[in-house]
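Please read these numbers as outputs of a predicted model, since none were measured by experiment.
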Amino acid sequence: MENVVVLIVGAGPAGLATAACLTQLSIPYIIVEREDCSASLWRNRAYDRLKLHLAKEFCELPHMSYPADAPTYIPKSLFVKYVDDYIECFNIKPKYLTSVESSTYDGEKKVWSIVAHDMAECKRINFTTKFLVVASGENSAENIPVIPGLQNFPGETIHSSRYKSGKSFSGKSVLVIGSGNSGMEIAYDLATHGVNTSIVVRSPIHVMTKELIRLGMTLAHHLPLNLVDKFLVMGAKFMFGDLSRHGITMPNMGPMMLKSKTSRSAVIDVGTVGLIKRGVIQVQGSISEIMGNIVKFQSGDEISFEAIVFATGCKSMANMWLKNGESMLNDNGLPTKEYPNHWKGENRLYCAGLARRGLASIAADAKNIANDIESVISSMSS
């Protein structure tokens with residue numbers, strides 16, 4: 001049995017940020033991670049050409065800036081190095097290959113009891129902690145939609161988290177399902193590697209440039225969101241024209257308001273729109289069924305594909321091991337309270353990085369959690 005003040009579950013950016021903030025306040029903690037490295041999503045489950053979609057000033061972890069000569073939009077390799085430097089700077093020592101199997105709250109002792117599995121030594125570890133921080137990520141497990149006939153598709157199917165590059169698909173016909181940032185960028189990557197590429201766009205989306213989003217996030221500190229959205233929509237229409245003729249429609253709600261209300265992000269164009277306009281990438285609507293290698297769309301089109309890439313997102317798995325967490329997380333393992341009040345539950349339970357707002361909100365989560373834990377500890381000792 002290990003008795004700890006704070007237990008952090010997950011050594012991704014959110015868990016590391018929380019650890020750093022606790023270190024700044026001299027609050028002891030243990031951080032556990034089921035993978036064999038920190039930030040495994042970035043190291044092992046991100047495609048090669050990935051860059052941070054937001055400017056670096058919105059993606060810093062607490063108490064440490066990017067190097068002065070870092071580019072505005074950080075590539076994956078540089079972000080991973082930043083994470084490694086962050087770990088060294090704050091002397092963070094995660095317990096890797098340690099998977100939490102269950103956690104329950106003991107109301108009498110007022111502690112969380114956690115059972116974990118040490119996969120390296122094949123043994124069980126028991127923890128008790130006064131404060132529990134869920135930082136296991138909103139992207140823990142692949143989300144594959146149910147499509148009639150998918151199980152009989154003879155070609156390759158791959159989730160975006162396992163996609164690296166379009167090189168291996170060169171000369172083939174590939175369907176990308178999902179039109180968020182990952183789907184649109186993967187479609188671009190495939191097309192530029194000589195792949196006959198189609199993408200499914202089922203819902204209205206905002207398409208922006210990275211410069212427009214940077215402007216919007218800056219203006220949002222000074223102007224109402226609805227006014228910022230008017231600028232952004234005008235800018236997008238000027239940059240891209242009317243995309244509805246190409247199968248891409250715009251939501252009624254503006255991009256900043258949509259993000260605030262639903263956590264749905266605008267798509268930041270990396271060149272995909274230009275290829276769609278030129279007919280290099282084909283836009284398709286919803287799928288009705290798959291028959292062999294033929295995908296039938298609700299429009300009536302039937303097209304043969306050799307591979308399907310699912311850019312359909314991931315989901316949180318926190319509910320698989322967290323018991324007595326109903327005050328903080330819903331059935332999908334995401335916060336029940338709206339941002340920015342999502343990070344705190346009952347019985348000294350917290351979550352970091354689950355607000356579906358990416359790196360931009362992780363710093364705020366970590367600081368809020370560390371400051372609240374410091375406040376509770378102070379009140380207990382007074």
Under the side-chain hydrogen bond (donor to acceptor under 3.5 Å, both in side chains) criterion, do Thr104 and Asn324 qualify, and how do the steps go? CA-CA 6 Å; Thr104 54; Asn324 312 121; 4.9 Å; no
Could you work out, with side chain to side chain contact (heavy atoms under 4.5 Å, CB included) as the rule, every residue matching Lys237, not counting sequence neighbours?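 Partners of Lys237 under the side chain to side chain contact (heavy atoms under 4.5 Å, CB included) test: Val233, Met250.
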Among residues at least two apart in sequence or on other chains, which ones pass side chain to side chain contact (heavy atoms under 4.5 Å, CB included) with Ser161?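 Residues passing side chain to side chain contact (heavy atoms under 4.5 Å, CB included) with Ser161: Arg45, Glu142, His159.
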To the nearest 0.5 Å, how far apart are CD in Glu326 and CD in Glu346?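 Glu326 atom CD to Glu346 atom CD measures 9.0 Å (nearest 0.5 Å).
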Within this structure, what is the CG-CG distance for the pair Leu219 and Leu215, rounded to the nearest 0.5 Å?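 The CG atom of Leu215 is 4.0 Å from CG of Leu219, to the nearest 0.5 Å.
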Using a 3.5 Å distance criterion without hydrogens, assess whether the side chain of [X] forms a donor-acceptor pair with backbone atoms of [Y].
X      : Y      : answer
Tyr82  : Met64  : yes
Tyr350 : Asn368 : no
Asn330 : Gly333 : yes
Glu33  : Glu35  : yes
Trp343 : Ala364 : no
Asp189 : Ser165 : no
Lys51  : Lys76  : no
Arg357 : Ser260 : yes
Ser375 : Asn371 : no
Thr209 : Leu212 : yes

I'd like to check Thr128 versus Ser113 (side-chain heavy atoms, cut-off strictly below 4.5 Å). Are they in contact?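 Counting from C-beta outward, Thr128 and Ser113 do come under 4.5 Å.
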Could you tell me whether [X] atom [atom1] has more than 12 heavy atoms of other residues or ligands within 6.0 Å of it?
X      : atom1 : result
Lys56  : NZ    : yes
Lys95  : NZ    : no
Arg348 : CZ    : yes
Gln151 : CD    : yes

Could you report the tightest heavy-atom contact between Trp112 and Lys130, atom names first, then the distance?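 Where Trp112 meets Lys130 most closely, the heavy atoms are CD1-O, 4.1 Å.
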Do you know the tightest heavy-atom contact between Ser103 and Leu322?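 For Ser103 versus Leu322, the nearest heavy atoms are OG-CD1, 3.2 Å.
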Considering only NZ, NE, NH1 and NH2 on the basic side and carboxylate oxygens on the acidic side, decide whether Arg124 and Glu101 come within less than 4.0 Å.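 No salt bridge links Arg124 with Glu101.
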May I ask you to say whether Arg43 pairs ionically with Asp84, meaning some side-chain N is under 4.0 Å from a carboxylate O?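 Looking at Arg43 and Asp84, the cut-off is met.
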